[in-house]
A.B. asks: 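Right, I'll just put the structure down here and ask away after.
All ligand and atom numbering here is 1-based and tracks the order in the structure. Bear in mind the structure is a predicted one, so any value in this text is a computation, not a measurement.
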Amino acid sequence: MEFKRVNHLRGEVTVPGDKSISHRAVMFGSIAKGTTKIDNFLMGADCLSTIDCFRLMGVDITVNEGNNVIVNGSGLHGLKEPDKVLYAGNSGTTTRLISGILSGQKFSTTLDGDESIRRRPMKRIMTPLCQMGADITSIKGNDCAPLKINPSALHGITYNSPVASAQVKSSILLAGLYADSVTSVIEPELSRNHTELMLKGFGADITSEGKTATVKPATELNAQHITVPGDISSAVYFVVAGLITPDSEITIKNVGLNPTRDGIIEVVKAMGGSITIDNMRESGGEPVGDITVKTSDLKATTIGGSVIPRLIDELPTMALLACFAEGDTVIKDAAELKVKESDRISVMVDNLTAMGANVEATEDGMIIHGPCPLKGAVIDTKKDHRIAMTFAIAGLNADGVTTLIDGDCVNISYPEFYKDLEKLKK
Ligand code: S3P
């Protein structure tokens, strides 16, 4: 896959449905009573892995044309023992969230995923789930998948999470539905709150106060109609493309702007970028709006502290943006980047360096000494979808040719990405 410099990017794009919300809609719909209808579902490989896992446990799920999914829920206690290993593919969200649900079932399951999933830390969910009484073990004894989960009686806990992670928080809260008493999770910084919002919609007794989420044991969840907002984590590629490409103006329609996810807006403004939000409204209990960006003169900033969980998946793309800003941009408090689909600190630093950028890795982030004119290079995406999309945008703003290895990994979260990007070149 090859990319060359473009003169401009102009037009409108509608990004696909939010990945986090799509996963949750299928999961909660599967353990609810009744028929959950999901519109604007993300048909990316990760969310299809979630569908596969619940189908293997007997849930009747229909995928229709037009990104519509119908889940005929089995109820909280109606899942069936799968006759195969549950395969989560590349999806950390599937692996970690489903572990909370599986811990509350009356049958044993084995949960596995691809090479990347088999390297990602699972102790962060195994520790709290075991505290709740779950019987969950890493089959190879390395605290990674494959995981074996046996039936057990769950008790409510109050868990002080060492990481701001919505996957950890959600795993515990989902197990909490099956526990015999109240469960609370306290986070060091507030992570995305889609589980709290959506579980409430499904009728769970769940509350949030500051950085604490609390759920009571449930007897039943009720099916919902969910319209998934567009994914800000997919919008970010066009946000950055519009800001750094000359003579550009891009509108990204229908983007989810939940305050636990909208850190890029704040950072782009701090860097002096031209970004506006119009048509703010609500969709499926989440705020959405249209984002417009224009070519801008950018200045460096520091990205750290409580904003980090609000843009964790967008940080690779923010690092690219910083290459076009005047001064030293510091990304800190972001050691979590090392345990994503790839080690996103080293993969970003290696690939940006290959393109001629002046960038250094730190313990918990990176420093980008901008501005750095980029030249084409061969980019090893490490099969990480967010790395591939970031460097496709870099390639449009670099001299020479930029070649992506394994660029088709965008299928994980945005199968139509290259097509949508192409339309903006006209
Ligand atoms: C997600 C939470 C985040 C994020 C991931 C999706 C979720 O992971 O990086 O892409 O849907 O809960 P962590 O919980 O590991 O921070």
A.B. asks: Classify the contact between Arg192 and ligand 1 as side chain, backbone, both or neither, using a heavy-atom distance cut-off of under 4.0 Å.
C.D. replies: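 Under 4.0 Å from ligand 1, Arg192 contributes side-chain atoms alone.
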A.B. asks: How far is atom 11 (O) of ligand 1 from the closest protein heavy atom, and which atom is that?
C.D. replies: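 Closest protein heavy atom to atom 11 (O) of ligand 1: Ser20 OG, 2.7 Å.
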A.B. asks: May I ask you to test the Met348-Thr390 pair for a side-chain heavy-atom distance under 4.5 Å?
C.D. replies: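 A side-chain contact exists here, since the closest heavy-atom pair is under 4.5 Å.
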A.B. asks: Do me a favour and list the nearest non-hydrogen protein atom to atom 1 (C) of ligand 1 with residue, atom name and distance?
C.D. replies: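 Nearest protein contact, heavy atoms only, for atom 1 (C) of ligand 1 is Gln167 NE2, 3.5 Å.
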A.B. asks: Tell me the protein heavy atom at minimum distance from atom 12 (O) of ligand 1, and give that distance in Å.
C.D. replies: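 Its nearest protein heavy-atom neighbour is Arg24 NH2, 2.7 Å.
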A.B. asks: Test side-chain hydrogen bond (donor to acceptor under 3.5 Å, both in side chains) on Asp350 and Ser346; report intermediate values, then the result.
C.D. replies: CA-CA 6 Å; Asp350 289 352; Ser346 76; 4.8 Å; no
A.B. asks: Less than 6.0 angstrom separating the ring centers of Phe391 and Tyr237, yes or no?
C.D. replies: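 No: the rings miss the under 6.0 Å criterion.
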A.B. asks: Which residue supplies the protein heavy atom nearest to atom 14 (O) of ligand 1, what is that atom called, and how far is it?
C.D. replies: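 Of the protein heavy atoms, Ser165 OG, 2.6 Å lies nearest.
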A.B. asks: Is Asn358 close to Ile368 at the side-chain level, that is, under 4.5 Å between some pair of heavy atoms?
C.D. replies: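 They are not in contact (no side-chain heavy atoms under 4.5 Å apart), so the answer is no.
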A.B. asks: Taking the six-membered ring where the residue is Trp, are the ring centres of His77 and Tyr178 under 6.0 Å apart?
C.D. replies: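 Yes, close enough.
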A.B. asks: Decide yes or no for Ile312 and Lys340: does some side-chain heavy atom of the first lie under 4.5 Å from some side-chain heavy atom of the second?
C.D. replies: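 The answer is yes, as the side chains (C-beta and beyond) meet within the 4.5 Å cut-off.
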A.B. asks: Which residue and non-hydrogen atom of the protein lie closest to atom 3 (C) of ligand 1, and at what distance in Å?
C.D. replies: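 Here the nearest protein heavy atom works out to Lys340 NZ, 3.8 Å.
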A.B. asks: Measure from atom 10 (O) of ligand 1 to every heavy atom in Leu337, Thr93, Asp313 and give the option owning the shortest one.
C.D. replies: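 Nearest heavy atom to atom 10 (O) of ligand 1 lies in Asp313.
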